[in-house]
S.K.: 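Have a look at this one before I ask anything.
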Amino acid sequence: MRAHRALTALFGAAALAHLGALLAAPSAALFTKPALMPLLAAYVLARGGPRLLVVALLFGCGGDTLLQVGGDVPFLLGMGSFAAGHVCYLVLCSRHGSPGGARTRRLAAGYGAAWLVTVALLWPGLEAGLRVPVALYSLLLVTMALCATRTLPLAAAGGALFVVSDTLIATGVAGWPQAPAAQFWVMLTYIGAQLLLAEGILRSAILPDAEGAGREPGPSAHKRERQRTASRASTMPKP
């Protein structure tokens with residue numbers, strides 16, 4: 001218990017230090033950024049979370065580090081590292097989430113439309129060698145975000161924030177005008193995304209019954225509800 005509380009405090013302090021460095025001393029942010037995901041991974045381990053979740057966060061650390069190098073090759077390698085992390089998230093959400101339903105299909109249509117519009121708008125500003133990789137990566141990203149909606153609302157919010165964060169990065173790569181302190185907003189949404197995904201998947205994995213209220217009801221949930229209804233009916237006074 002003490003270990004994961006201490007790691008929560010360390011991760012929070014590292015996140016605040018990194019965000020502060022982005023505003024006041026950007027060169028210092030080069031050292032704080034690679035520390036973020038390993039601390040979050042250590043927290044997951046301390047909570048007894050899935051090892052695959054730890055792997056996903058460490059792939060995030062690899063992406064964080066590579067994107068700091070600069071240049072097309074490190075950017076593509078970093079994107080590949082994040083993509084591997086998204087594959088891990090997809091497996092985790094499929095393993096610990098609900099089967100999905102009408103709500104999932106509606107969200108799929110929304111995420112699909114957002115992907116098409118975003119890629120179409122970014123395409124002209126991207127270098128020729130980046131267009132297809134960015135389009136494929138973003139498709140994987142929105143698929144992960146959609147799959148996260150089948151777990152707890154925490155993870156669903158994390159997936160959506162990841163889409164926002166990576167879209168902000170893509171607009172910079174495509175040469176769009178950027179807001180002041182653009183990296184601050186990229187990292188604020190990214191840190192929130194990884195934290196919410198980790199916590200949501202962690203709770204889905206280790207506390208499935210206590211946290212199941214956030215999911216779409218599956219067959220077993222309907223069966224339990226029928227059993228509860230029958231039980232209540234059997235205890236009602238007879239006329």
Side-chain angles (χ1 to χ4, degrees), residues 30 33-34 36-37 52-53 55-95 97 100 104-151 155-179 182-194 196-198 201:
L30 296 174
K33 187 178 182 182
L36 295 171
M37 292 307 108
L52 190 59
L53 180 53
V55 173
L57 293 168
L58 293 180
F59 274 127
C61 176
D64 291 340
T65 304
L66 286 163
L67 290 190
Q68 293 189 138
V69 176
D72 286 353
V73 173
F75 178 80
L76 289 170
L77 290 174
M79 192 163 57
S81 188
F82 282 122
H86 295 328
V87 171
C88 294
Y89 282 137
L90 278 169
V91 173
L92 287 161
C93 291
S94 298
R95 185 178 296 168
T104 301
R105 289 191 291 271
R106 290 193 297 270
L107 288 169
Y111 270 121
W115 173 75
L116 283 172
V117 171
T118 302
V119 170
L121 291 173
L122 291 172
W123 192 270
L126 295 171
E127 294 181 12
L130 294 178
R131 287 173 176 170
V132 172
V134 167
L136 293 176
Y137 169 82
S138 60
L139 180 60
L140 176 62
L141 172 63
V142 297
T143 303
M144 180 277 291
L146 174 65
C147 197
T149 65
R150 292 165 49 192
T151 59
L161 272 181
F162 221 130
V163 173
V164 172
S165 180
D166 280 5
T167 301
L168 291 175
I169 293 174
T171 60
V173 174
W176 288 22
Q178 298 293 290
Q183 279 301 306
F184 173 86
W185 301 111
V186 167
M187 288 306 299
L188 180 65
T189 50
Y190 169 73
I191 291 169
Q194 291 280 37
L196 290 170
L197 276 166
I201 293 172

S.K.: What's the shortest heavy-atom distance between S165 and V186, and which atoms?
M.R.: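 That would be OG-O, 2.9 Å.
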S.K.: Taking all heavy atoms of L57 and all of M37, pick out the closest pair and write down the distance.
M.R.: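 Heavy atoms of L57 and M37 come nearest at O-CB, 3.2 Å.
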S.K.: Can you see which heavy atom on L197 is nearest to which on A155, and at what distance?
M.R.: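 Closest heavy-atom pair between L197 and A155: CD2-O, 3.5 Å.
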S.K.: Can you tell me if E127 has over 12 outside heavy atoms packed within less than 6.0 Å of its CD?
M.R.: no
S.K.: What closest approach, in Å, do P34 and T65 show between heavy atoms, and which atom pair accounts for it?
M.R.: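 The pair with the smallest heavy-atom distance is CB-OG1, 3.8 Å.
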S.K.: For R131 versus W123, what's the shortest heavy-atom pair and its separation?
M.R.: NE-O, 3.0 Å
S.K.: Who are the side-chain hydrogen bond (donor to acceptor under 3.5 Å, both in side chains) partners of W185, not counting sequence neighbours?
M.R.: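 Partners of W185 by the side-chain hydrogen bond (donor to acceptor under 3.5 Å, both in side chains) criterion come out as none, since no residue qualifies.
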S.K.: Kindly say whether the aromatic ring centers of F59 and F82 come within a distance under 6.0 Å.
M.R.: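 No, they do not, as the ring centres are separated by 6.0 Å or more.
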S.K.: Spell out, as yes or no, whether a donor-acceptor pair under 3.5 Å connects the side chain of T118 to the backbone of W115.
M.R.: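 No, the answer is negative, given that no donor and acceptor are paired below the 3.5 Å cut-off.
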S.K.: Please report the shortest heavy-atom distance between L52 and V91, naming the atom on each side.
M.R.: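 Closest approach of L52 to V91, heavy atoms only: CD2-CG1, 3.6 Å.
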S.K.: For the pair Q178 (side chain) and W176 (backbone), establish whether a donor and an acceptor sit closer than 3.5 Å, ignoring hydrogens and angles.
M.R.: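 At least one qualifying donor-acceptor pair exists.
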S.K.: Looking at L141, L107, L90, which one forms a side chain to side chain contact (heavy atoms under 4.5 Å, CB included) with L146?
M.R.: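 Going through the options one by one, the only one that passes is L107.
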